[in-house]
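Below: the structure, in structure tokens.
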Amino acid sequence: MENVLLVRYGEIHLKGLNRPYFERKLVERIKFALRETGARIIYAQGRIYAWNIPENVKSSAIERLQRVFGIHSISPAVSVAKDWETICSTAKELLKDALSDGKRHTFKVFARRADKKFPMTSMEICCELGGYLLNEFDNISVDVHDPELKICVEVRENALLYTEEFMGAGGMPTGTAGRGTLLISGGIDSPVAGYMLAKRGLELSAVHFYSYPYTSERARDKVIELARILSTHSGEIKLHLVPFTDIQLAIYEKCPPKETTIIMRRLMMRIAERLAKADGSLALITGEALGQVASQTLQSLCVTDDAVSMPVFRPLIGFDKEEITAIAKRIGTFETSIMPYEDCCTVFVPQHPVTKPEVEDIRKSETAVDFTEMIEQAIKDTEVIELGRA
Ligand code: ATP
Ligand code: MG
């Protein structure tokens, strides 16, 4: 008898000829997630198996797999020889464990015969094994519609038996959709935005703008920590820390007060686009939601987009703050996001920002400053930190 984690994947099945590529990427991600467990990862017949995981790290291995995008679900299973007596006695042991609370439970047997040479059909396995278990225990009954306990048997090279299924994160394996660059602030929204697109298969780079000494060292550390937490889901993140003080001061000196925020956002986008190109990213990602603040009205978003030619992905565009907060809590970024350190956006915020900016007006106001040199300098002084590598 051997223990194994059985990994199911979902949407990859739809990918036709590209399927082997997606599967290979998923296997790579799984190997990385389980690198410290000594697991042997085998891909066979549309499933991935992680063998040799010591019992004492099994639950942490499952937790790690639950963060790997592309996985539909995970079941800890036992693998035994596919003879009927062994299957019955193994099922009995599993059910005994599941019944350890001493209460009465309903159950159902699920069977799948991938090995068509096995002498019983799936239906026969279900009936025979169900009957056998009913005989062995007196505190169980069958419920085929809504059973409390499931005894699952898969007959493949061996017989695999399990009772539990842990849901995975879904999505597509990270990296299968290319690379995107996340504009990350210290707030609640942007880490969630990054999570959502990593889940769709994007590998992430990230860019953060800070305005030292108006923003503190601790605000910077907070963003590094957020990117680190995000990298536990997305894998490796290359985080760029861009000094933004000179540009912000120039904007505040030379541009109309009510337009400073939108102009600042255009400059952030421009610099992010430059860094994205250098990184092989094909899109920018922000945590903006329609109407959340003045710089996130439809007009403002249009003016922001006008500053760059890359597509800008805003996965939270139709989300309420509560919905975003719920995801932030689930992925573990919320507690860090609400730590009270200032962001460069909030430090320089004007009292009455425009909510319906016109592209032409903003472009004109921008000509008050020649940003070329400052942009070059900011890029030159950008510090890069790699997260989630180890
Ligand atoms: P968040 O909660 O992510 O901070 P927010 O609702 O506070 O978002 P804004 O501060 O207006 O919104 O920022 C909108 C988006 O612009 C953020 O989600 C993020 O993608 C980007 N952004 C804001 N500030 C910065 C920054 N200092 N560095 C990099 N990107 C930023
Ligand atoms: Mg913010």
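Just so it is clear, the structure is predicted and the values come from calculations on it, not from any experiment. Both counts, for ligands and for their atoms, begin at 1 and track the order of listing. No hydrogens, no waters, no symmetry mates; every other heavy atom, side chains included, goes into these values.
- Heavy-atom proximity to S295, at under 4.0 Å, picks out these atoms of ligand 1: 11 (O).
- Atom numbering of ligand 1 starts at 1 in the shown order; those under 4.0 Å from a heavy atom of H208 are 26 (C), 27 (N), 28 (N), 29 (C).
- Close contacts of ligand 1 with T286, meaning ligand atoms under 4.0 Å from a residue heavy atom, involve 20 (O).
- Considering backbone and side-chain atoms together, M268 places no N or O closer than 3.5 Å to any N or O of ligand 1.
- Using cut-offs of 30° and 60° on the angle between ring planes, the pair F69 and Y195 is perpendicular.
- For a threshold of 3.5 Å applied to N or O pairs, the pair formed by G186 and ligand 1 contains no separation below that value.
- Heavy atoms of A272 found under 4.0 angstrom from ligand 1: none, in either backbone or side chain.
- Taking any N or O of L183, backbone or side chain, at least one lies under 3.5 Å from an N or O belonging to ligand 1.
- Under a 4.0 Å N-O distance rule, the pair D143/K108 does not qualify as a salt bridge.
- At least one N/O-N/O distance between G287 and ligand 1 falls below 3.5 Å.
- Close contacts between ligand 1 and V207 involve ligand atoms 29 (C) [criterion: under 4.0 Å to a heavy atom].
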Next on the checklist: For E366 and R363: C-alpha separation, side-chain torsions, deciding distance, then whether salt bridge (charged side-chain N to carboxylate O under 4.0 Å, His left out) applies.
Outcome noted: CA-CA 5 Å; E366 259 174 21; R363 282 188 187 163; over 6 Å; no
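- For a threshold of 3.5 Å applied to N or O pairs, the pair formed by I184 and ligand 1 contains at least one separation below that value.
- Counting only heavy atoms from C-beta outward, the side chains of L34 and I53 approach each other to under 4.5 Å.
- With rounding to the nearest 0.5 Å, the separation of CG in L5 from CD1 in I41 is 8.5 Å.
- Atom 15 (C) of ligand 1 has its nearest heavy-atom neighbour, among Q296, H240, M264, R265, in R265.
- Of the N or O atoms in S190, one or more lie within a sub-3.5 Å distance of an N or O in ligand 1.
- Distances below 4.0 Å separate heavy atoms of Q292 from the following atoms of ligand 1: 5 (P), 6 (O).
- Using a cutoff of 4.0 Å between basic side-chain nitrogens and carboxylate oxygens, E225 and K222 are not scored as salt-bridged.
- Contact check on E165 versus K150 returns no salt bridge, with no Lys/Arg side-chain nitrogen under 4.0 Å from an Asp/Glu carboxylate oxygen.
- A salt bridge links E288 with R314: at least one charged nitrogen is closer than 4.0 Å to a carboxylate oxygen.
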